[in-house]
Amino acid sequence: MLLLLAQEAVALAVPAGAGGPVDAGLGRGLLQQAAQAALHFFNFRAGSPSALRVLASVQEGRAWVNPEKGCKVELVFSTERYNPQKGEEHLGKCSAQVFFKNQKPRPAINVTCTRLTEKKKRQQEDYLLYKQMKQLKNPLDVVSIPDSHGHIDPSLRPMWDLAFLGSSYVMWEKTTQFSRYNLAQLSSVKQWKTHEGAIDFDYTVLLHEFSTQEIIPCRIHLVWYPGKPLKVKYICQELQTPEGSGTEEGSAVAPAQLSNF
Amino acid sequence: MRWLLLVATLIGSSICGREKFLGDQVFRINVRNGDEISKLSWLVNSDNFKLNVWKSPSTFGRPVDVLVPSVSVQSVKSFLASQGLEYSVTIEDLQALLDNEDEEMQQNEGQERSGSDFNYGAYHSLEAIYHEMDSIATDFPDLASRVKIGCSFEKRPMYVLKIASDYQKDPALTSILEKMDIFLLPVANPDGYVYTQTHNRMWRKTRSFNPGSPCVGTDPNRNWNASFAGQGTSANPCSEVYHGPHANSEVEVKSVVDFIQNHGNFKCFIDLHSYSQLLMYPYGYTVKKARDADELDEVAQRAAKALASVSGTEYQVGPTCTTVYPASGSSIDWAYDNGIKYAFTFELRDTGHYGFLLPANQIIPTAEETWLGLKTIMEHVRDHLY
């Protein structure tokens, strides 16, 4: 006789364009969480600092919770360009499956987005960014982007976009069902050089985690060349506990361009 | 900026009758020797080109700035090229530059309250904010007064602006103020605010000492007496959501609690935070639905709609616990459980792009839209006094 373990499924459906009734214990929060994780992952995989996307709104979603295994979320959400261009209304649409392993970070993600910018145009814009970055004179004395009042010097914007791209990888890896990250600030640049044509960028960012409200410094080292897979290494400083502070690290090389981009 | 003002006066004094400088350019010409100086002098003194020297050299090797009217630009360029004179165009269109400056000054003008020079479109020090509160109370003694409700841990005053009547300019506000007074506490954590400007821009908590710990501060929004030390808080003084040694341990929190309880007749409590674009109501400490949740939700939905009508900024609405995360010891939960039915939290702009570092040019747009949301809530309270 087969003993089937019932998968406790709490299904939460959010109809498009409205706030539907919310199930106890879950809520829009989980869908936002999943959308954010999917986007961090998408941005990292696309590897394109000129084509970064941010969340506009979650349109529909369903979640299944298994107290032992974790939480699976299926959702559809709309996105905007991270760098809004004047007059451009590019609202993209993505559908994703996000699986949060019980309490563990690095959710498994499957995400497809409507083709927003033609590949050729994207490559051109990336190459333009690359050239602008190579012109940067001595960015090593750069401190705090944005500054305390939210200002980013236009000449430093490409550097910020590249920092965000590297941070996307870190933020995806650290995301769990309960923790969500935003990039708060680029706090210092340790090294900025070209190596065999590629940009070699060693920097520190402050990540903001939502449920604990912690500000986490992460040292990130990336190597980027337009069209080539992004290489990232990082080490983050965790909360000071009575037992002592810890660090978390990871590294990756993004796989080559996938056909769904 | 000052350089441009100087430019404007120079132009004003030296070129009479010229009002528009459309397409006029400023050339910076290098003169390396006496020969080049005489060539340049010839050019400048020649009537044909109508040039105007802004800055003449006192020694060789220093450049000369010359204003070239648009009609002469091409011929001057040819002349300089033919004579081998080195130059660069430092201003390509003087009128455009002046227009820009005008716009900025107008913008700043619009951002100041008439009678003061406090720019509402910029960030300010604590002193400047307190000074402006005092100015408002001094300029409008019948309408507003500044009230001290207590002190921070580091002994900074905590000031509230009491608005008790208005100057009849806004009918909705007038009708609200006929029934109720509005108390505005712009800085609920003065020590933390100052610390973000002097030491660490990301500082969240108060600045009180935690005996036995190297870490400073308590999260003032986990320190209220509403399921104190419950879910969504930490007992670790190094945590950003450390709840403190006991409820109301933070003088900043206790001052507000005492003020509200001594008054005894508050009907509405609104707490403004950043960021995330959310409008929330109790509870944070439990998923259990508040008794008035349906009504609060309805009001909040209307407020969010009014807010969005200004610039399209979208807010999400819901109870704290499921909209963001469980959070115990929060201000609105305490207010609600102590008889203040209309208790809301706003998380203002944006949703993470700039996050805590919202650019100053968004201050006034944020204020304008948020005001509509606040007004919606206050109108509802006015019509449903209990």
Side-chain angles (χ1 to χ4, degrees), chain A residues 12 18-19 21-33 36 39 52 54-58 80-84 144-152 160 164 171 178-187 206-217 238-243 245, chain B residues 122-123 196-197 200-205 212-215 219 221-222 231-242 273 275-278 286-289 297 300-301 304 314 316-327 349-363:
Chain A
L12 163 75
V22 156
D23 227 298
L26 295 175
R28 306 197 87 92
L30 183 58
L31 297 184
Q32 292 280 319
Q33 199 88 331
Q36 187 83 295
L39 263 181
L52 298 164
V54 288
L55 181 63
S57 64
V58 176
E80 282 170 351
R81 264 188 94 133
Y82 186 56
N83 265 323
S144 300
I145 303 176
D147 69 13
S148 283
H149 295 168
H151 180 248
I152 302 178
W160 169 253
F164 184 86
M171 292 192 283
F178 304 108
S179 45
R180 174 167 31 136
Y181 295 85
N182 275 314
L183 174 58
Q185 195 176 45
L186 169 63
S187 53
L206 298 177
L207 299 184
H208 172 226
E209 198 288 303
F210 229 73
S211 62
T212 59
Q213 289 294 314
E214 291 300 325
I215 301 287
I216 298 160
E238 299 302 322
L239 170 69
Q240 299 260 336
T241 59
E243 298 83 55
S245 61
Chain B
Y123 289 105
T196 63
Q197 296 188 329
N200 177 354
R201 179 61 181 81
M202 300 294 173
W203 191 258
R204 169 188 173 81
K205 302 188 286 181
S213 171
C215 297
D219 184 343
N221 208 24
R222 301 289 186 278
Q231 247 203 323
T233 68
S234 171
N236 180 357
C238 298
S239 165
E240 294 289 0
V241 293
Y242 173 52
H273 294 254
Y275 58 90
S276 279
Q277 293 173 201
L278 306 168
T286 174
V287 290
K288 187 189 84 177
K289 205 167 139 176
D297 192 272
Q301 297 282 1
E314 278 181 33
Q316 282 174 56
V317 170
T320 308
C321 199
T322 49
T323 307
V324 272
Y325 41 61
R349 290 194 192 182
D350 55 23
T351 52
H353 186 150
Y354 286 97
F356 295 125
L357 306 178
L358 197 70
N361 63 12
Q362 291 197 41
I363 296 177

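Keep in mind it's a predicted model, so treat the numbers as computed, not measured. Sequence lines set the chain letters: A, B, ... in the order given, protein chains first and strands last, and positions in each chain run from 1. In what follows, every heavy atom counts, from backbone to side chain, and hydrogens, waters and symmetry copies are set aside.
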Under 4.5 Å from a heavy atom of chain B, the part of A:H151 involved: neither
A:Q185 versus B:L357: any side-chain heavy-atom pair under 4.5 Å? yes
Using 30° and 60° as the class limits, which term best fits the ring planes of A:Y82 and B:H353: parallel, tilted or perpendicular? parallel
Does any backbone or side-chain atom of B:S234 lie under 4.5 Å from a heavy atom of chain A? Answer side chain, backbone, both or neither. neither
Taken to the nearest 0.5 Å, the spacing of A:E80 CD from B:T351 OG1 works out to 7.5 Å
For B:Q231, look at atom CD and say whether over 12 heavy atoms of other residues, nucleotides or ligands are found less than 6.0 Å away. no
Write down the atom of B:E240, the atom of A:Q213, and the distance for their closest heavy-atom approach. CG-O, 3.3 Å
Given that the side chain runs from C-beta out, which part of A:L206 has a heavy atom under 4.5 Å from chain B: side chain, backbone, both or neither? side chain
Please classify the contact of B:Y275 with chain A as side chain, backbone, both or neither, using a heavy-atom distance under 4.5 Å. both
Should A:S148 and B:Y123 count as side-chain neighbours, where that means a heavy-atom distance under 4.5 Å? no
Could you pull out the closest heavy-atom pair between B:Y354 and A:G150, with the gap in Å? CE2-O, 3.2 Å
With sequence neighbours left out, what residues match B:R201 under salt bridge (charged side-chain N to carboxylate O under 4.0 Å, His left out)? none
Which portion of A:T212 sits near chain B, non-hydrogen atoms under 4.5 angstrom: backbone
Output the distance between atom NE2 (A:H149) and atom CD (B:Q197), rounded to the nearest 0.5 Å. 6.0 Å
Are B:F356 and A:I215 packed together at the side-chain level, in the sense that at least one heavy-atom pair is separated by less than 4.5 angstrom? yes
Any B:Y325 side-chain heavy atom under 4.5 Å of A:R180 side chain: no
